[in-house]
Amino acid sequence: MKKETMRIKSTKRIALDTVEMVLENNYMSQTAVPGQFLHLLVSGHTLRRPISIADVNKTEHTITILFKMLGSGTHDLASYQVGMTIDALGPSGNGFQLHNDNQSTILLIGGGIGVPPLYYLGKTLAQLDMHIISVLGFQTSKSVFYEEKFRALGETYIVTDDGSYGDQGFVTDVLHSVESFDRYYSCGPVPMLQAVTASLKDKPGYISLEERMGCGVGACFACVIPTDDAGGYKKICKDGPVFDAQEVSL
Amino acid sequence: MKKETMRIKSTKRIALDTVEMVLENNYMSQTAVPGQFLHLLVSGHTLRRPISIADVNKTEHTITILFKMLGSGTHDLASYQVGMTIDALGPSGNGFQLHNDNQSTILLIGGGIGVPPLYYLGKTLAQLDMHIISVLGFQTSKSVFYEEKFRALGETYIVTDDGSYGDQGFVTDVLHSVESFDRYYSCGPVPMLQAVTASLKDKPGYISLEERMGCGVGACFACVIPTDDAGGYKKICKDGPVFDAQEVSL
Amino acid sequence: MNNLAVDLPGLQLKNPIMPASGCFGFGREYSEFYDLSKLGAIMMKAATGSERFGNATPRVAETASGMLNAIGLQNPGVESIIETEVSYLANYELPIIANIAGSSIEEYEKVAAAFNETDHVHALELNISCPNVKEGGIQFGTDPKMAANVTERVKKASNLPVYVKLSPNVSDIVAMATAVEAAGADGLSMINTLTGMQIHLPSKRPLLANQTGGLSGAAIKPVAIRMIYEVKQQVSIPIIGMGGITTSEDVLEFLLAGASAVAVGTANFQNPFICPELIDALPHTLKKYGFNTVQDAIGKGITV
Amino acid sequence: MNNLAVDLPGLQLKNPIMPASGCFGFGREYSEFYDLSKLGAIMMKAATGSERFGNATPRVAETASGMLNAIGLQNPGVESIIETEVSYLANYELPIIANIAGSSIEEYEKVAAAFNETDHVHALELNISCPNVKEGGIQFGTDPKMAANVTERVKKASNLPVYVKLSPNVSDIVAMATAVEAAGADGLSMINTLTGMQIHLPSKRPLLANQTGGLSGAAIKPVAIRMIYEVKQQVSIPIIGMGGITTSEDVLEFLLAGASAVAVGTANFQNPFICPELIDALPHTLKKYGFNTVQDAIGKGITV
Ligand SMILES: Cc1cc2nc3c(=O)[nH]c(=O)nc-3n(C[C@H](O)[C@H](O)[C@H](O)COP(=O)(O)OP(=O)(O)OC[C@H]3O[C@@H](n4cnc5c(N)ncnc54)[C@H](O)[C@@H]3O)c2cc1C
Ligand SMILES: Cc1cc2nc3c(=O)[nH]c(=O)nc-3n(C[C@H](O)[C@H](O)[C@H](O)COP(=O)(O)OP(=O)(O)OC[C@H]3O[C@@H](n4cnc5c(N)ncnc54)[C@H](O)[C@@H]3O)c2cc1C
Ligand SMILES: Cc1cc2nc3c(=O)[nH]c(=O)nc-3n(C[C@H](O)[C@H](O)[C@H](O)COP(=O)(O)O)c2cc1C
Ligand SMILES: Cc1cc2nc3c(=O)[nH]c(=O)nc-3n(C[C@H](O)[C@H](O)[C@H](O)COP(=O)(O)O)c2cc1C
Ligand code: FES
Ligand code: FES
């Protein structure tokens, strides 16, 4: 992990309040693995914003991030223009365990702004000759992004909360229609992850978690998650954000 | 006085840490008189910055300001680019009394970043057919600005603290070499104004004062200056910044 | 019905937004920007028994997301305020809250009694907490007994509802609040400024001539929210909240913490239109977070 | 001679910059960014008698020019800290200051005694002011008598110099400082965080699981400067200053106000290199404002 200056190569709205930004930096692009995140300094803000690495282009030396404009930090970030630079810590945290079982079938389950890290993961796993099935949930039709990109990796189901696009419902509603798979990877809001891990409790799986962060490097104990009832814990910023689905107590 | 959005038409360094900015706005440019100021909001700062109106072009709808990069607000303002906008209150305060005695001789005495308001004043008085003599003091050769513009209005003496340009010394050192004059106008640091008003105490004159401001509109009592020893006072932001040289206690 | 209206002792507010004392003078300057009748109320600059010049300058400094001020209660004195300022404000349709200060209990009584004589003042805001008054004002603000004492005496000196303005510079804000409630306060107004200082590096001395000053602005909002939240649970009189409000979300945050109305101070300096803009934005913000009226939101953030 | 050096009880500082407790863990994570031997010293994360999990999450929130935290003293317990962390830090050339906390005076004594047994801890920082400990820690921090009592007992329990860390959430900071000085404190460390709160509008409840949290960052710097300035004039023990430092000008401002060294907390989160960058920038800043050494600047802003 380093502190680097990243240059904005492009920035565009790709869905409702959702921005895709391509950031150029040699070190970050050459070392990032799926599931890691960048801890971005947005000028005028005390705390950095953790944003997942959604894609990497090693030849172009770029990292793609996708973020939703929620509060003031992400709104400010959305106003950054091409050519401006961003101070980033990263690549941060531990990424997804990839395993080497090619030909296996992988289920990606993403909700909303939890979808981005799954894209670079899916792309990487596809390159390792795994079969990718994606189930992606969004609030409404206008929030949907990267559908085509996921379809290019394999079968893709889209659901929306209001049914305005794809099937109406939650990602868990379509899990039964998915053919058998070997392993799942999931990222999204906590209630979704709770439902997913509960309904897939017999399957091996990995989940990526979010928590409000201070340092982002493991020093401040802001982002802990209990691993048991006896005081055991992990730090999401350093030990995570990806955990074995059985490892942490949601 | 209004709250207006002003568009930056140009911005350039014209001397050491000194920026000239041309701001476009119809209302401001049509109503400003010499000696008034703009109260500028610099993003990220709680308090607005008072900056004098250094020139006005009514046909181009522009106001020129000149400011020195001292603390964080003026540094941030210096980074604003052409095309960006600035939120300004103004034109603020009361300007210089011009009088209608054309053919009279006027002495302008400016120190450092007190020079700017004297330029629009001098230009206006010259258009009223008065004779302008300017005595301008700067710290060092690199800080000198607008010399040619003042020379175009009339005889101009430049002094620098270190003698690196013009004569070495303070503006008061050259007042004796100035031919007789009818009235003076002065703006600059308080010690300079004290020296000027003391050495010209028999001449009618006007001085423009600075003070740290809160509201800039006369509501908060941050910027008062005593007018006597009995509790009398004026507000620099509203009653000033220009005062009769005898009116206030420096 | 107006969904922004709130009724407080002596104050029928058409909306819960008012300028905070000391940040709006007596309204004249801001009346050049908009019609003051738009405001929920006005809190006038502090009045003392007789005219005061206040502290030497500089009186203000900028800090990160805030400012320091040490005006020192400059004001023309209560008689002149009644004659010139209250009569001017009486032209507008808005309740007038008179902020009163003094160096002695007698001075507070005198000012309170004077405002009691006019028809146009609707409530008193008892400034027991001005950190810039050296002669005595400050002790009232940090000692529950003295605060209770001045509250009681001022209540006796006038028939107007009294809102006691609490200082945040205390170990136990709840003790201060309950003491003045017991002494008869009709409401609370909180918070005043936190005492702070800035040192001017070039001159190597405190920047403010008064050395210390009161910290206000967005920087102090978390302290204000915490104190209101704590106090609301222990008193039954209403709270007018203030401290760092700049957006309609901030207003809602204060309401949720337990404020029944809010005052806006420092933000007027950034944006003279802040009060009417907040009033215009508030209905949408209330709706966005599921409230129909201001009244509905008061104290709804308290989870105990 | 090194113009940044400062000698304090138990601490020969090669420069006056150290990370503040709780914002730097035990140094490991930041050692990936730079050589910890560069630091003037390190203030470790608070240690308690046994392991603590701390508060539920969320534990941090962002505020204007600051942040709130309610970590709740999570730490692996003093024994584990000595075994794992102190021994790790002993590889670097820097004085180690152990921040100690507890829910009872006995727990403080136990932690102090344990650190006393190691050779590598140079001083204790007595955290009597952690606003997030509900069980008892908080009262020590706002009551001069209790603060004096715990100071005295901890002094007896160990031979290490004791720096008492003062809470800003008090009416009278000077009374706190003089009480702990009289009780034997070797130095002061100030300020800890101001108690604050943020309400999360979508959920209509306090954002932090612990409801309140400690406000830190640039927002609180004026309060820190004021308190140090006031205390410095009334005590003769040295002060380690902290609260919102982000630039070398801030460091000088703390020195002028009366701090002999400074700690940097929240700013590490923005910029992990902040401490070495401040150390590198300080000589120039000292010179710019006319000082040859750190020692020269201490207390030079005090004009009385
Ligand atoms: C490991 C990780 C990866 C993430 N990846 C993405 C991503 O790829 N795209 C994306 O849009 N979002 C992502 N998030 C969530 C993202 O960090 C928040 O949406 C963002 O920080 C909100 O900032 P704000 O300024 O909009 O909100 P504000 O409410 O203004 O933020 C205030 C503070 O709360 C923190 N905060 C608020 N919401 C969250 C949250 N959900 N998680 C963590 N911190 C939060 C902010 O970082 C900031 O410190 C990720 C979070 C984590 C922990
Ligand atoms: C009526 C008036 C007209 C002015 N005209 C000009 C001009 O034309 N060109 C120019 O360069 N400067 C002018 N000044 C001074 C200018 O306002 C300050 O240099 C500027 O505000 C400093 O801001 P900063 O962010 O650089 O400094 P900081 O130190 O970061 O400012 C902190 C606070 O102090 C205030 N402050 C600091 N120095 C001064 C000062 N000398 N006067 C008033 N407030 C101050 C700032 O406005 C701000 O509120 C004028 C001042 C006044 C009162
Ligand atoms: C310049 C200034 C002057 C003030 N004068 C007074 C005053 O006279 N009486 C008073 O009770 N409070 C006074 N205050 C405090 C404000 O009314 C308010 O309580 C405080 O500033 C917090 O609100 P804010 O953060 O919105 O400014 C003053 C504040 C400022 C900034
Ligand atoms: C996340 C966090 C954790 C903290 N933990 C401790 C602690 O364990 N012990 C302590 O004495 N102070 C603790 N503090 C307070 C800091 O040491 C420091 O006093 C305060 O944050 C002010 O400095 P700053 O504004 O530079 O952060 C903590 C502060 C933060 C932000
Ligand atoms: S954010 Fe500091 S430990 Fe994870
Ligand atoms: S700055 Fe407020 S009265 Fe002049």
Side-chain angles (χ1 to χ4, degrees), chain C residues 61 63-68 141-143 167-173 176 194-206 211-215 217-230 244 246 249 252-257 285 288-291 297 300-304, chain D residues 61 63-68 141-143 167-173 176 194-206 211-215 217-230 244 246 249 252-257 285 288-291 297 300-304:
Chain C
T63 70
S65 296
M67 66 175 284
L68 292 166
T142 54
D143 182 89
S167 164
N169 302 294
V170 297
S171 310
D172 188 347
I173 192 73
M176 294 297 304
L194 279 161
T195 309
M197 181 188 274
Q198 186 171 104
I199 294 184
H200 186 235
L201 300 190
S203 64
K204 301 175 188 64
R205 40 162 297 130
Q211 299 201 341
T212 61
L215 181 63
I220 70 168
K221 195 184 70 170
V223 176
I225 294 290
R226 186 264 294 184
M227 290 187 162
I228 291 168
Y229 188 94
E230 286 176 354
T246 63
E249 280 78 16
L252 179 55
E253 190 179 356
F254 273 79
L255 296 175
L256 293 175
T285 303
K288 177 169 172 197
Y289 292 101
F291 296 102
K300 286 294 164 23
I302 300 178
T303 56
V304 266
Chain D
T63 69
S65 296
M67 64 175 285
L68 292 167
T142 54
D143 182 272
S167 165
N169 302 293
V170 297
S171 310
D172 187 348
I173 192 74
M176 294 298 302
L194 279 161
T195 309
M197 180 187 273
Q198 186 171 101
I199 294 183
H200 187 235
L201 300 190
S203 64
K204 301 175 189 65
R205 41 164 294 131
Q211 298 200 343
T212 62
L215 181 63
I220 70 168
K221 196 185 69 169
V223 176
I225 294 290
R226 185 264 294 184
M227 290 188 163
I228 292 168
Y229 189 93
E230 285 176 355
T246 63
E249 280 78 16
L252 179 55
E253 189 178 356
F254 274 81
L255 297 174
L256 292 175
T285 304
K288 176 168 172 197
Y289 293 101
F291 297 103
K300 287 295 165 21
I302 300 178
T303 55
V304 267

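So you know, we letter chains A, B, ... as the sequences are listed, proteins then strands, and number each from 1. Bear in mind the structure is a predicted one, so any value in this text is a computation, not a measurement.
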Side-chain ([X]) to main-chain ([Y]) donor-acceptor, under 3.5 angstrom:
X      : Y      : result
C:Q198 : D:R226 : no
C:K204 : D:Y289 : yes
D:K221 : C:G196 : no
C:T142 : D:S171 : no

Proximity breakdown for [X] and chain C, heavy-atom pairs closer than 4.5 Å:
X      : value
D:L256 : both
D:T63  : side chain
D:L201 : both

Inset, instruction - Between chain D and each of C:I228, C:I199, C:T303, count heavy-atom pairs under 4.5 Å; write down the option with the most. - result: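 Looking at each option in turn, the highest pair count goes to C:I199.
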Inset, instruction - Mind ranking C:A297, C:S203, C:G66, C:P202 by heavy-atom pairs under 4.5 Å with chain D and telling me who comes out on top? - result: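 Most heavy-atom pairs within the cutoff with chain D belong to C:P202.
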Inset, instruction - Quickly, which of D:L215, D:I220, D:T195 forms a side chain to side chain contact (heavy atoms under 4.5 Å, CB included) with C:V223? Name it, please. - result: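 Filter result, single survivor: D:L215.
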Inset, instruction - Examine whether an atom of C:Y229 lies under 4.5 Å from a heavy atom of chain D, and if so say whether it belongs to the side chain, the backbone or both; otherwise answer neither. - result: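 The answer is the side chain of C:Y229.
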Legend entry - Close side-chain approach of C:R205 to D:I302, heavy-atom, < 4.5 Å: no
Inset, instruction - Could you check if a side-chain atom of D:E230 sits within less than 4.5 angstrom of a side-chain atom of C:M197, using non-hydrogen atoms only? - result: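 Sidechains of C:M197 and D:E230: no contact.
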Legend entry - Nearest heavy-atom neighbours spanning C:G301 and D:P206: O-CD, 3.4 Å
Inset, instruction - Look up atom CG in D:N169 and atom CG in C:N169, then write down how far apart they are to the nearest 0.5 Å. - result: 10.5 Å
